[in-house]
Amino acid sequence: MQDTPTIRRRLDRLFAVSLGVLLAVVVQAAPARAGVGDVTEYPITTPGSSPTGITAGPDRALWFTEFDADRIGRITTRGTVTEFALPTGSGLPFDITQGPDHALWFTESAADKIGRITTEGAVTEFPLPVAGSFPTGITLGADRALWFTENGTNRIGRMRPDGSVTEYAIPTPDSFPYHIAAGHGGVWFTELLAGRIGRVDASGNVTEYPLPTGSEFPSDIAAGPGGMWFTASDQIGRITRSGTVTLFPRPNPGGAADGITRGPDGNMWYADQAGVIGRITPTGRITEFPVPGGADKVPFNIATGPDRNIWFTELSGNAIGRVDARPGRGTGPHAAAPQPARPGPRTERPPRLLPCGTATPPGAASFCR
């Protein structure tokens, strides 16, 4: 396994964006508050925990990872936070999902492990077969197995609840598989550095779909109306089961859209590191709601809670946020029309953080400690 400082540098700043860029975005284009979108924030007990992944649990609470504190957190819909320390130190827990067994499963990136935690807080860790696999995203598949990305070995992994693992190679080298989600006939994942969306079918066959320019830097992905929806900096994308891509330009370009989830209102919701929570309808109409002081707090990942509201992690704010997502409360002022995907020249974008030690393509930047 690679040494811990190297691993930490590799992913620690994957989530950060230049403060100057963020402040510029907010000053230039802070969206107005619509009827829906009131934000409530709940601080995490452990300082500097850097919450990353979040998911709804089987116990009507939200569960989240604390990347810099090596803990798994639980928050009730009333805002009560409980934290559970992990056995492995400096494991960098990143993403989390509900499993098939009334437990939560999560990735430990630096430890090359997949973890499992019960709702009572009992933790089991399963080492992966290859050192340096660096698991990142994780999801529950239709086959009741856990599927995860391995950006260190450029593979997709599948783990049964007993801990046995099968791995599938991604054809494009050094693609940096990042987030992963099940739906629409397979398991889909983003290739952050390759500018592609990948799909694994039930037989383990991997298919890749290039995005129009290859410089979209797709991040998170989730099942939604008409296909899989994904974030790509200043665009939100949708890909159908057949591979047709539609891109929806955001009304406030220059952000860093990251997490995405299907909301209780049938729309998709996303978190933008620049300090907003966005909502996009199936037809591509976008509304963005500001998080108070959001540029400093870095909204990161997002999930629909059991209370039918939207919950998100604040990477730098050391808090969990909740957004009122009740339907029928207004449409908001910032609408944008869909843009069919067409091949075109690469365009430069504001800095998007990439892992330390990787080549930095146009429009991206690397921020390391």
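Basis for what follows: all heavy atoms, side chains included, without hydrogens, waters or symmetry-related copies.
For Ser109 (side chain) and Pro135 (main-chain N/O), a donor-acceptor pair under 3.5 Å exists by modelled atom type. In terms of modelled atom types and a separation under 3.5 Å, the side chain of Thr172 and the main chain of Ser175 share no donor-acceptor contact. A donor-acceptor pair is defined here as one N or O able to donate and one able to accept, closer than 3.5 Å; such a pair exists between the side chain of Arg238 and the backbone of Pro282.
Contact detail for Ala303 and Ala56: the closest heavy-atom pair is CB-N, 4.5 Å. Minimum heavy-atom separation, Leu128 to Ser133: CD1-OG, 3.2 Å. Across every non-hydrogen atom of Asn154 and Pro173, the tightest pair is ND2-CA, 3.7 Å. Here the shortest heavy-atom pairing between Gly57 and Leu104 reads CA-CD1, 4.1 Å. Of all heavy-atom pairs spanning Asn318 and Gly48, the tightest one is OD1-N, 3.4 Å. Residues Ala69 and Thr46 approach most closely at CB-CG2, 4.0 Å, considering heavy atoms.
Atom CZ of Arg199 and atom OH of Tyr209 lie 5.5 Å apart (nearest 0.5 Å). Taking OG1 from Thr231 and CD1 from Ile280, the interatomic distance works out to 11.0 Å, rounded to the nearest 0.5 Å. A distance of 9.0 Å separates CG in Asp101 from CG in Leu140, rounded to the nearest 0.5 Å. The CD atom of Glu108 sits 10.5 Å away from the CD1 atom of Ile138 when rounded to the nearest 0.5 Å.
No option in Thr190, Ile260, Ile197, Ile221 other than Ile221 meets the side-chain contact (heavy atoms from CB on, under 4.5 Å) test with Met228. The side chain to side chain donor-acceptor pair (under 3.5 Å) test with Arg74 is passed by exactly one of Asp59, Thr82, Thr80: Asp59. Of the options Phe94, Phe189, Phe230, a ring pair (Phe, Tyr, Trp, His ring centres under 6.0 Å) to His179 is made by Phe94 and by none of the others. Of the residues Trp105, Phe84, Phe106, the one that meets the ring pair (Phe, Tyr, Trp, His ring centres under 6.0 Å) test with Trp63 is Phe84.
For the pair Phe312 and Glu314, the minimum side-chain heavy-atom distance is below 4.5 Å. Within the 4.5 Å cutoff, the side chain of Asp112 has no heavy atoms near those of the Pro129 side chain.
Thr244 is linked by a side chain to side chain donor-acceptor pair (under 3.5 Å) to nothing, counting only residues two or more places apart in sequence or in another chain. When the side chain to side chain donor-acceptor pair (under 3.5 Å) test is applied to Glu150, the partners found at least two apart in sequence or on another chain are Thr153. Applying the side chain to side chain contact (heavy atoms under 4.5 Å, CB included) criterion to Arg262, with sequence neighbours excluded, gives Pro225, Met268. Every residue meeting the side chain to side chain donor-acceptor pair (under 3.5 Å) condition with Glu125, not counting sequence neighbours, appears here in chain and number order: Thr88. Residues satisfying the side chain to side chain donor-acceptor pair (under 3.5 Å) criterion with Asp307, sequence neighbours excluded, are Asn309, Trp311.
Between Asp272 and Arg250 there is a salt bridge, since a side-chain N of the basic residue sits under 4.0 Å from a carboxylate O of the acidic one. Between Arg158 and Asp143 there is a salt bridge, since at least one side-chain N of the basic residue sits less than 4.0 Å from a carboxylate O of the acidic one.
Summarising the hydrophobic clusters (Ile, Leu, Val, Met, Phe, Trp, Tyr; side-chain heavy atoms under 4.5 Å, direct or chained), the residues clustered with Val130 are none.
A donor and an acceptor atom, one from each side chain of Asp258 and Ser219, are located under 3.5 Å apart. Side-chain N/O atoms of Asn151 and Thr149 include no donor and acceptor closer than 3.5 Å.
A 6.0 Å sphere centred on CG of Asp174 holds no more than 12 heavy atoms belonging to other residues, nucleotides or ligands.
Ile114 and Phe134 fall into different hydrophobic clusters, where Ile, Leu, Val, Met, Phe, Trp and Tyr are joined by side-chain heavy atoms under 4.5 Å apart, directly or via other members.
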